Structure formats: C-alpha cells, structure tokens
Amino acid sequence: MNTNEVEITGVVEDISVHIEETGFTVLELECDGEYVTVVGVMPEAAVGEKLTVQGEFATHPLYGQQFKARSFTRSLPSSAEDLYKYLAAGTIKGIGAATARKIIDAFGEDSFDVLEHDPVRLSAVRGISRAKAYEICEEFSKQFAVRQTLIALERYGMNARECLNAYRVFGVRAVETVENNPYLLCSEKIGINFERADAIAQALPDYQPGEHRTRAGILHTLRHNLGNGHTCAPREKLVPLAAGFLGADPAAVEEAVDGMVEDRQIEAETFHDKEYLFLPQIHRAEQKAAERIKVLCSFPPAGKPTLLQDIENMEREQCIVYEQKQKAAIITAVERGMLILTGGPGTGKTTAINGMIALFQKDELRIALTAPTGRAAKRMSEITGMEAKTIHRLLEVEWDDNDNQRFARNARNPLKADVLIVDELSMVDITLFSALLDALPLGCRLIMVGDSDQLPPVGAGNVLHDLIESGLLPVVELKEVFRQAQRSLIVTNAHRIVRGENPVLDRTDSDFFFVNRRTTDGVAEGVCELCANRLPRAFGYSPFTDIQVLCPSRKGENGTYALNRRLQARINPPDESKREITVGMFLFREGDKVMHVKNNYDLQWEKPNGERGAGVFNGDIGRIVQIKPDGTTRIEFDDYREAVYLPDNLREVELAYAVTIHKSQGNEFDAVIIPLLHVTEQLGYRNLLYTGVTRAKKLLILLGSEEQVYRMTRNDKKARRYSALKYFLTEES
C-alpha cells in the first residue's frame with residue numbers, strides 16, 4: 001500500500017469534468033469548510049453527495065494541489081441543504097434550482113422518499129403537474145437505482161470502474177447477480193481477476209462457492225494459457241494445473257470439467273490420443289478458419305495459358321531475371337490461387353510479390369494488401385506502390401450496441417477483392433485470421449507472406465506454423481540471399497543466427513555492430529548515450545522516429561521499464577512548457593514516444609487530410625502532441641492518425657523509447673539497439689534474437705556480452721504452443 005495514501009470525507013460542491021463512458025471526474029469536495037479538488041474515476045458522482053475518498057495529495061505542474069482518488073465510497077445526501085444542492089445541480093431531469101427549492105421547502109428531509117415513492121404528493125408542489133411529477137419520479141427512481149447499486153457493490157471492495165462495468169453488464173440486478181455468483185465478475189468486460197472474485201466471495205455472508213468457484217478456476221486457467229499463446233490445453237495438464245491453483249481435489253476438477261463440456265462452457269476435442277480443452281470462442285475461431293481454408297481450396301481460379309510467356313515478357317520489360325523459387329511462387333499464386341511464401345531477409349520476397357501484383361494488374365484483378373500493424377502496412381505500401389491497410393481497417397472493425405467487437409466485412413458482406421496479399425502472417429493470431437478468412441469471397445486468391453523463423457504471434461495460436469505443417473497449402477520458401485543483400489551484415493548475420501552459427505561481431509565497417517559491456521549499468525548508459533547523442537550526431541537519426549531500443553524483457557535494469565525511465569529523462573526531460581500526467585506506473589510528458597498496447601476498436605482518429613476512422617491497436621507507435629488541463633491527451637501515430645485519449649484510456653499506453661522484441665513484431669526501424677546481458681533462460685532463445693535483428697533496416701547495435709549472443713544463437717528451444725488448426729485442417733470432414 002502507498003504510504004502517502006490518506007482518506008478525506010466531504011460533500012460534493014461542484015463537478016467541472018465528468019466523462020460518462022469512463023467515469024473520469026474532476027470535482028470540488030467541501031471538507032470541514034475547506035475545498036479540495038479531487039480527480040479520479042467516480043462514476044455517477046453528484047453534487048450534494050457525501051464522499052469518503054482514499055488516495056493521495058499531489059501537486060500538478062499547472063493546476064497546483066489535487067487529491068488523486070484511488071477509491072471512494074458514497075452516501076446519498078441526508079441534510080436538507082445537501083438535498084437541495086443535489087437536486088439544484090440538474091441531476092434529475094425536470095428539476096432545476098427553482099423547482100428544487102420548492103421541493104425542499106415542501107418536504108425537507110423527506111424529499112427523497114417523496115421523489116422515490118409518491119408522485120401524487122409531488123404534484124401538489126406549485127408548478128409540477130401530475131404528468132410531470134410521474135416523469136420526475138420515474139427519472140429519480142432510475143438514477144437512485146444506479147447509485148444504490150454502485151454503493152452496494154462498493155461495499156464488496158470493488159472500485160468505481162469495476163462497479164460501473166458490473167452495472168453495465170448485469171443492469172439493475174447487478175447486486176443480486178454478484179451475491180449469487182461473484183465469480184461472474186471474472187469476465188473481460190468487468191475486469192476483476194479470479195483472486196479478487198475469491199475475496200469478494202469470502203466476504204459474502206453464508207456464501208458457499210461450491211462448483212461456481214471450481215468452474216471459474218478452470219476458465220481462469222484456460223484464459224491464462226490463452227495469454228501464453230495456447231488455443232487449447234491437454235486435459236491431463238489442465239486438471240492438475242487448475243486443481244493446484246484452486247487448492248482443490250483433482251477429482252472435483254475432473255467432475256467440473258465434465259459438466260462444463262456438457263454445458264458447452266468449454267469445448268473438447270481428441271487428437272494425438274489426448275483430449276484437449278478450449279474456450280468456446282477460440283475453438284470456434286480455429287474450426288471456422290480450417291473450414292474456410294478447405295472451401296477456398298475447393299474453388300481454384302481459372303488457369304492462364306499465357307502465364308509463362310507473360311512472366312518472360314515482364315522480365316524483359318523490367319530487366320530482371322527471377323530466381324527459380326521466385327518464379328515458382330509467382331506461378332503458384334496465379335494458377336493455384338493459394339500460396340504461403342516464406343523466407344528470411346534478402347531472399348527476394350518483395351520482388352516476387354511485385355511480380356505477382358504486376359500480373360494480377362494486367363488481368364485487371366482487384367487487389368487488396370494488408371498487414372497486422374500500421375508500420376507493416378505502411379512498409380507494404382512503400383515496397384508495392386499500392387495502398388495497404390491494417391487487417392482491422394480492411395475488415396472495417398466496429399462495435400455493436402452491447403460494446404462487442406465485430407467486423408463489417410464478413411461472409412455476408414465480403415471484401416471486394418479478387419486477390420488478397422497478407423504480409424507478416426507470423427504475427428497474426430487465430431481470432432484475427434479467422435475473421436479475415438470469413439470476409440474472403442469465393443474465388444479470391446489468397447497470398448500469405450511471412451517468416452517462419454520469427455516469433456509466433458503475441459496473441460493465441462500458431463497460424464503460419466500450423467498452415468505449413470498441415471501440408472494442405474502450397475508453400476514456397478525462398479532461401480537464396482541475393483548478392484546485394486549479402487553486403488549487409490544485418491542480413492548475413494540474421495541467416496547465420498537462424499542456422500545456429502555464431503554471428504560476426506568483430507566488424508566495424510558495416511551495418512551490424514557489437515559493443516562489449518559487462519555490467520547492466522554499463523549497458524543501460526550505453527543505450528542512452530547512443531539514442532540521445534551518438535546516433536543523432538553521426539547519422540542524423542531521431543530517437544523518436546528512427547531509433548528503437550528492443551529488449552528481450554520488460555523487467556530488470558536492461559528491461560523496458562527501467563530503460564524507458566532513463567531514456568525519457570535524457571531524450572525528453574522535464575520542462576515548464578510541457579504538461580505531464582501520471583497514469584498507473586507511467587509519467588507521460590508532452591513530446592514522449594509512446595506505444596498503444598491493447599486493441600481499442602472504438603477509439604476515434606483523424607488524419608490531416610480529414611480522413612476519419614476508429615481503432616488503435618496493440619503495437620501502434622506515436623508521440624504525445626498535447627496534454628490538456630483536464631488530462632485529455634492527443635497522440636499522433638506514425639501513419640499520421642491522431643487520436644484523443646481520455647485520462648482513463650491512457651492505461652492502454654506505455655512509454656516506447658524501449659519496447660520488447662515481442663512487441664516489435666511486424667515493425668521495422670532504421671536503427672535498432674538491443675541490450676543483451678543476463679537474459680533469463682526462458683527468453684534467451686534463437687528466434688527471439690533473430691526477430692530482434694531482423695527489425696533493423698539500416699543499422700543494428702548489440703550491447704552486452706559475446707557469450708550471451710552466442711548462447712542465444714545456440715539455443716533453438718521453442719516454447720511449445722498448443723493449437724488445433726493443423727488438426728482441423730487435416731481431419732476428415
């Protein structure tokens with residue numbers, strides 16, 4: 001607990017900022033004759049309410065002393081004076097200051113009871129007709145129910161944001177629902193973890209968790225596995241894991257699993273002589289993806305008799321000669337309509353893709369280009385000369401009335417395309433891949449491009465690996481490194497790493513440099529010096545747009561947390577002209593480089609040309625342009641989209657002077673710096689190093705020890721991912 005945390009109690013005198021969607025509020029609290037500015041998430045707060053707020057005093061550089069609320073409890077106004085303030089503030093539709101005074105004069109401290117239960121008595125007040133009295137009482141009852149629900153839920157230790165989310169999900173029966181089964185709070189929409197729900201359950205009088213708790217623990221274990229990339233888990237592993245987590249008898253967990261499978265709370269499949277368990281939505285995504293691939297394979301495009309001649313003509317016109325595998329890729333894409341194209345850096349994937357595009361354009365086919373991230377889509381546009389969109393933008397992500405994500409492009413409203421080329425497939429998770437396939441029209445060619453030696457996606461699934469392993473689709477792997485690319489030590493060392501050969505670290509005349517540092521502080525200081533001084537001076541690189549520090553881990557002195565603090569202090573130090581805001585563990589300052597770290601499909605953005613849209617996604621990098629007095633923050637992303645963040649939305653943003661290698665997937669940067677010292681065994685493996693190295697376009701610098709680099713190169717262990725796409729692709733229909 002924060003030792004600076006204190007508790008204050010007072011009556012709400014004024015509310016200057018209230019954002020309904022998030023509950024973020026700035027209000028004035030009258031505490032024993034003094035006025036305190038309180039800032040935090042306080043949904044449904046109203047003038048006249050009595051609040052007890054836990055938090056700490058802090059001095060804002062522009063607004064002076066404020067009280068930052070961590071949590072609060074409320075009670076409805078009781079005195080006639082506070083009742084008047086509450087009603088006069090316009091909280092209840094139909095009641096202004098004059099009407100509020102009449103009601104208080106007529107009923108005094110019984111006013112709330114009249115408003116809730118007796119519209120006939122209310123209509124006796126001068127100026128309030130019977131019809132208006134009923135309308136006022138109905139509106140009061142609605143708001144009173146919301147407040148009473150929030151007050152009741154707060155008693156169980158839920159914070160304001162969680163109470164608001166629970167009310168939105170469960171409605172006016174939220175308290176009853178939580179008291180009957182508090183483990184229902186463990187949903188993504190409410191955001192309470194299993195341990196907190198467990199604590200709430202224990203606080204309920206006479207509550208017997210029984211199978212509710214066991215089932216919730218099983219779902220928690222599956223969701224945890226999902227976060228580690230697994231789409232499913234073997235029953236023989238899941239049961240002891242869940243039993244250990246719950247402190248329960250494995251036999252009871254087995255019985256609960258049987259019941260959940262029967263109730264379709266979880267799905268089960270048997271393959272490789274084992275039973276695997278899935279969350280229903282992930283099971284559906286893998287199954288649908290496999291079915292769609294099979295359907296697309298059943299509708300190959302018409303042949304092209306002049307194809308070989310067309311390729312020869314293209315080679316002659318463009319003065320190029322395709323390598324054998326490149327030509328095979330082009331022919332397969334045109335004739336088969338389905339292709340997986342893989343290969344490392346410098347093997348000519350771009351040349352092969354541009355060859356395909358030229359032939360498709362000659363036949364006047366509609367071509368769509370897409371990639372998982374904004375940077376990858378931007379790079380795709382640059383190398384092809386055509387517009388490329390992120391997968392989310394291509395599918396036109398939107399939200400339904402219940403705040404559930406959906407895509408406007410789907411089987412009923414497919415993409416208007418004859419050819420779809422997807423880049424960086426290695427980082428596409430199963431949920432997004434399934435949605436993309438769902439939107440493909442029959443007969444549409446699908447070209448999937450990726451590097452199978454890179455890390456699997458951050459999300460669940462192992463799409464590229466499973467597609468290749470299934471043997472169902474044609475795969476062309478480009479292996480020859482072209483002469484021009486061989487001049488890059490980044491490229492040649494990347495290929496050495498992927499073959500398990502030690503990279504060349506002693507050259508100083510190319511684009512790959514190794515700096516020997518034996519202490520974590522030495523590595524950290526070297527990283528800061530390179531970013532802040534040496535690379536900007538030597539190459540004109542900007543630490544905001546050109547240089548990216550990539551770390552194996554978030555933790556430790558050479559992890560992203562520690563390095564971001566040091567880099568922020570060096571590159572964007574405090575300045576009286578720059579506003580700041582602290583959210584969670586991050587202090588953000590105007591000018592900071594930041595990354596959005598959680599998909600937010602309804603965050604609005606606008607470009608300088610007036611184009612507007614919605615959706616900012618995990619891995620998008622930008623800079624803070626402005627922090628307003630109320631904490632509203634404008635961020636401009638690398639593709640010129642500008643989004644406005646409410647203070648609560650900033651919890652989805654982190655400093656990005658340094659990011660993890662996992663988070664860098666799908667991106668390329670002119671200059672990459674990788675600290676490599678004391679990397680934990682769990683992260684010290686080959687394809688992590690390979691992925692980091694291949695993010696650099698022009699310059700790569702490793703800082704640390706040679707032994708660490710060599711250990712990672714030798715370590716070809718890959719954490720196993722449980723997934724079922726291959727099984728669904730190869731099983732008999």
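Just so it is clear, the structure is predicted and the values come from calculations on it, not from any experiment. Just the heavy atoms: all of them, side chains too, but no hydrogens, waters or symmetry mates, feed the values below.
Counted within 6.0 Å of NZ on K607, heavy atoms from surrounding residues, nucleotides or ligands total more than 12; the atom is thus considered enclosed. Within 6.0 Å of the CG atom in N609, the count of heavy atoms belonging to other residues, nucleotides or ligands exceeds 12. Shown here is R518, whose CZ atom has more than 12 heavy atoms of other residues, nucleotides or ligands within 6.0 Å. Around the CZ atom of F544, the shell of radius 6.0 Å holds more than 12 heavy atoms that belong to other residues, nucleotides or ligands. Environment of CD in E34: sparse, with no more than 12 heavy atoms of neighbouring residues, nucleotides or ligands closer than 6.0 Å. For H224, the NE2 atom counts as loosely surrounded, since its 6.0 Å shell holds 12 or fewer non-hydrogen atoms of other residues, nucleotides or ligands. The neighbour count for K697 NZ, taken as heavy atoms of other residues, nucleotides or ligands under 6.0 Å away, is above 12.
For the pair R570 and E529, the salt-bridge criterion is met [side-chain N within less than 4.0 Å of a carboxylate O]. Under a 4.0 Å N-O distance rule, the pair D620/R641 qualifies as a salt bridge. One finds a salt bridge joining R379 and E668 here, because a Lys/Arg side-chain nitrogen approaches an Asp/Glu carboxylate oxygen to under 4.0 Å. A salt bridge is absent between R623 and E636; no separation between the charged side-chain nitrogens and carboxylate oxygens falls under 4.0 Å. The pair E654-R554 meets the salt-bridge criterion, since a charged nitrogen lies less than 4.0 angstrom from a carboxylate oxygen.
With a 4.5 Å cut-off on side-chain heavy atoms, I701 and L535 count as touching. Under the 4.5 Å side-chain criterion, counting only non-hydrogen atoms from C-beta, M380 is in contact with L369. In this structure, the side chains of L699 and I490 stay at 4.5 Å or more apart for every pair of heavy atoms. Residues P552 and L676 meet the side-chain proximity criterion, which asks for heavy atoms closer than 4.5 Å. Here the side chains of L646 and F24 are not in contact, with every heavy-atom distance at 4.5 Å or above. Side chains of Y35 and D14 form no contact here, defined as non-hydrogen atoms less than 4.5 Å apart. Contact check for I621 versus F637: no side-chain heavy atoms found under the 4.5 Å cut-off. In this structure, Q548 and I673 have side chains that are not in contact, with every pair of non-hydrogen atoms separated by 4.5 Å or more.
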Output, in order, the C-alpha distance, side-chain angles, deciding distance and verdict of side-chain hydrogen bond (donor to acceptor under 3.5 Å, both in side chains) for T52 and T9. CA-CA 4 Å; T52 299; T9 298; 3.1 Å; yes

Take R566 and E525, measure what salt bridge (Lys or Arg N to Asp or Glu O under 4.0 Å) needs, and give me the verdict at the end. CA-CA 9 Å; R566 294 180 73 147; E525 182 54 35; 3.4 Å; yes

Chi angles and distances behind the side chain to side chain contact (heavy atoms under 4.5 Å, CB included) call for F170, T149: CA-CA 11 Å; F170 302 130; T149 298; over 6 Å; no

Using the side chain to side chain contact (heavy atoms under 4.5 Å, CB included) rule, take F588 and V594 through it: C-alpha gap first, then chi angles, then the decisive distance, then the call. CA-CA 9 Å; F588 297 110; V594 293; 4.0 Å; yes

Between I571 and Y657, does the side chain to side chain contact (heavy atoms under 4.5 Å, CB included) criterion hold? Intermediate values first, please. CA-CA 9 Å; I571 296 168; Y657 300 101; 4.0 Å; yes

For a side-chain hydrogen bond (donor to acceptor under 3.5 Å, both in side chains) check, start with the C-alpha distance between T519 and D521, then their side-chain angles and the critical distance, and finish with the verdict. CA-CA 5 Å; T519 66; D521 187 66; 5.6 Å; no

Verdict with supporting geometry, V53 and R70, side chain to side chain contact (heavy atoms under 4.5 Å, CB included): CA-CA 8 Å; V53 190; R70 306 293 183 200; over 6 Å; no

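Residues passing the salt bridge (charged side-chain N to carboxylate O under 4.0 Å, His left out) test with E162 are R196, sequence neighbours excluded. Taking R393 as the reference, E611 meet the side-chain hydrogen bond (donor to acceptor under 3.5 Å, both in side chains) condition, with sequence neighbours excluded. In this view, D423 satisfies the side-chain hydrogen bond (donor to acceptor under 3.5 Å, both in side chains) rule with no residue, not counting sequence neighbours. With sequence neighbours excluded, the residues that form a side-chain hydrogen bond (donor to acceptor under 3.5 Å, both in side chains) with E652 are H596, N600. With sequence neighbours left out, E642 forms a salt bridge (charged side-chain N to carboxylate O under 4.0 Å, His left out) with R634. Qualifying side-chain hydrogen bond (donor to acceptor under 3.5 Å, both in side chains) partners for D511, counting only residues two or more places apart in sequence or in other chains: S488.
Of the candidates T633, I624, I635, I624 is the only one forming a side-chain contact (heavy atoms from CB on, under 4.5 Å) with D592. Tested against T37, the residues Q66, K68, E28 include a single side chain to side chain donor-acceptor pair (under 3.5 Å) partner, E28. Exactly one of K378, M427, E424, H392 qualifies for a side-chain contact (heavy atoms from CB on, under 4.5 Å) with T373. That residue is M427.
Minimum interatomic distance between V397 and F617 (heavy atoms only, all atoms of both residues): CG1-CZ, 4.1 Å. Considering all non-hydrogen atoms of both residues, A460 and D429 come closest at O-CB, 3.2 Å. Considering every non-hydrogen atom in both G704 and F514, the closest pair reads O-CZ, 3.3 Å.
Taken to the nearest 0.5 Å, the CG atom of L689 stands 10.0 Å off from the CG atom of L455. The structure places CE of M42 at 8.5 Å from CG of L29, a figure rounded to the nearest 0.5 Å. In this structure, the separation between CG on N667 and CZ on R375 is 5.5 Å, given to the nearest 0.5 Å. Rounding to the nearest 0.5 Å places CZ of R589 at 9.5 Å from OG1 of T582. Taking OG1 from T431 and CG from L436, the interatomic distance works out to 12.5 Å, rounded to the nearest 0.5 Å. Note that CG of N618 is 10.0 Å distant from CD of Q665, once rounded to the nearest 0.5 Å.
No donor-acceptor pair under 3.5 Å is formed between the side chain of E49 and the backbone N or O of V11.
The closest side-chain donor-acceptor pair between N572 and K578 falls under 3.5 angstrom.
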